[in-house]
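Written out below as structure tokens is the structure these notes cover.
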Amino acid sequence: MGIMEKLQLRGYATIVTGGAVGLGRAMAAALAEMGSDLVIADLNRGNADKAAAELREQYGVRAHVVEADVSKPEDAERVCAETLREFGKIDVLLNNAGIVKNAKAEEMAYQDWLDVINVNLNGVFLMSQQVGRQMIRQGKGSIINISSMSGIIVNTPQNQVAYNVSKAGVISLTKTLAAEWAPHGVRVNTIAPGYMKTELTDKFFREGGALIERWMSMTPMGRPGVPDELQGIAVYLASEASSFTTGAVFSIDGGYTAW
Ligand SMILES: NC(=O)c1ccc[n+]([C@@H]2O[C@H](COP(=O)([O-])OP(=O)(O)OC[C@H]3O[C@@H](n4cnc5c(N)ncnc54)[C@H](O)[C@@H]3O)[C@@H](O)[C@H]2O)c1
């Protein structure tokens, strides 16, 4: 099989959590462009419906929405069950849903800590466990977790202890599941993005200011990434092109973690 064929995702069924907007939406579009059908599992039904309609229209794939909170075990189970009802299998799980709360460690409310860990780390575990069981039955599957450079370094000057810890946890979870599930044909990898300019943060980056200048001065490429710049790695990891890749951390950060 040539590389062009290996990168194709025709007939695939992919779940994208938090795929309604932002980085998840961009990666969902790339997987759809390569032919994959989609389930968008998101808290925000309205945005998810809009994204699904656009992806169906633009790429001619099937796109189904499940309104869900990935941090709830019963929701993770329902996302998995609805995907199986719709498509009969799950080829790819893209664990992208995530939140951030900024606070100094000594001041952070425990509930805020829990909220971040529940979505960013526990949500990835719950979804991976549900979908992993199915992939083990299939003898095949690819799980892609979105961690962050914040799981590798400590951002500055903003304080985000729970976020950093959650993303470091996602990196360890990725390696652990990769090791446990390699004998079952299930691959697990993580993408660790740096500062990315999404619809939500675009204004912020355009206005600039001391914080943005600080971040960009610490980034060898001197600019934020844009969501499209995660598309190549998402397609690679979803597809047969990455058949020997598991337990790996892919930094997509303009060089931030190199300095
Ligand atoms: N934007 C960045 O600079 C950046 C950098 C590194 C990593 N990341 C990570 O990439 C991922 C996506 O980031 P983004 O900037 O596109 O975020 P975003 O806030 O633009 O979008 C997140 C999406 O996830 C959904 N969501 C939130 N909590 C959920 C839950 N409990 N269950 C289901 N859906 C939920 C939201 O409704 C939204 O649609 C996150 O994991 C984030 O931590 C982002």
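Every number for a ligand or one of its atoms is a count from 1 in the order of the listing.
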Exercise answer, ligand 1 polar atom pairs (N/O) under 3.5 angstrom:
{"from": "ligand 1", "atom 1": "3 (O)", "to": "M196", "atom 2": "N", "distance (Å)": "3.0"}
{"from": "ligand 1", "atom 1": "3 (O)", "to": "M196", "atom 2": "O", "distance (Å)": "3.4"}
{"from": "ligand 1", "atom 1": "16 (O)", "to": "L23", "atom 2": "N", "distance (Å)": "2.8"}
{"from": "ligand 1", "atom 1": "31 (N)", "to": "D69", "atom 2": "OD1", "distance (Å)": "2.9"}
{"from": "ligand 1", "atom 1": "32 (N)", "to": "A68", "atom 2": "O", "distance (Å)": "3.4"}
{"from": "ligand 1", "atom 1": "32 (N)", "to": "V70", "atom 2": "N", "distance (Å)": "3.0"}
{"from": "ligand 1", "atom 1": "34 (N)", "to": "L43", "atom 2": "N", "distance (Å)": "3.3"}
{"from": "ligand 1", "atom 1": "37 (O)", "to": "D42", "atom 2": "OD1", "distance (Å)": "2.6"}
{"from": "ligand 1", "atom 1": "39 (O)", "to": "D42", "atom 2": "OD1", "distance (Å)": "3.2"}
{"from": "ligand 1", "atom 1": "39 (O)", "to": "D42", "atom 2": "OD2", "distance (Å)": "2.7"}
{"from": "ligand 1", "atom 1": "41 (O)", "to": "N96", "atom 2": "O", "distance (Å)": "2.8"}
{"from": "ligand 1", "atom 1": "41 (O)", "to": "K167", "atom 2": "NZ", "distance (Å)": "2.9"}
{"from": "ligand 1", "atom 1": "43 (O)", "to": "Y163", "atom 2": "OH", "distance (Å)": "2.6"}
{"from": "ligand 1", "atom 1": "43 (O)", "to": "K167", "atom 2": "NZ", "distance (Å)": "3.1"}

Would you tabulate the side-chain donor-acceptor contacts of residues 17-30 under 3.5 Å, counting partners in other chains and residues two or more places apart, or write 'none'?
{"from": "T17", "atom 1": "OG1", "to": "N96", "atom 2": "N", "distance (Å)": "2.9"}
{"from": "T17", "atom 1": "OG1", "to": "A97", "atom 2": "N", "distance (Å)": "2.9"}
{"from": "R25", "atom 1": "NH2", "to": "E54", "atom 2": "OE1", "distance (Å)": "2.6"}

**OP:** For Y256 and W215, run side chain to side chain contact (heavy atoms under 4.5 Å, CB included): C-alpha distance rounded to whole Å, both residues' side-chain angles, the deciding distance at 0.1 Å, then the answer.
**Re:** CA-CA 9 Å; Y256 193 102; W215 289 354; 5.6 Å; no
Subject >> salt bridge (charged side-chain N to carboxylate O under 4.0 Å, His left out) partners for D228, two or more places apart >> reply: none
**OP:** Taking side-chain contact (heavy atoms from CB on, under 4.5 Å) as the test, write out the residues that go with S243, two or more places apart.
**Re:** E240
**OP:** Determine, stepwise, if the pair R187 / T245 fulfils side-chain hydrogen bond (donor to acceptor under 3.5 Å, both in side chains).
**Re:** CA-CA 7 Å; R187 298 184 296 102; T245 304; 5.3 Å; no
Original post:
Quick check: are there more than 12 heavy atoms from other residues, nucleotides or ligands sitting under 6.0 Å from CD of E57?
Top reply: no
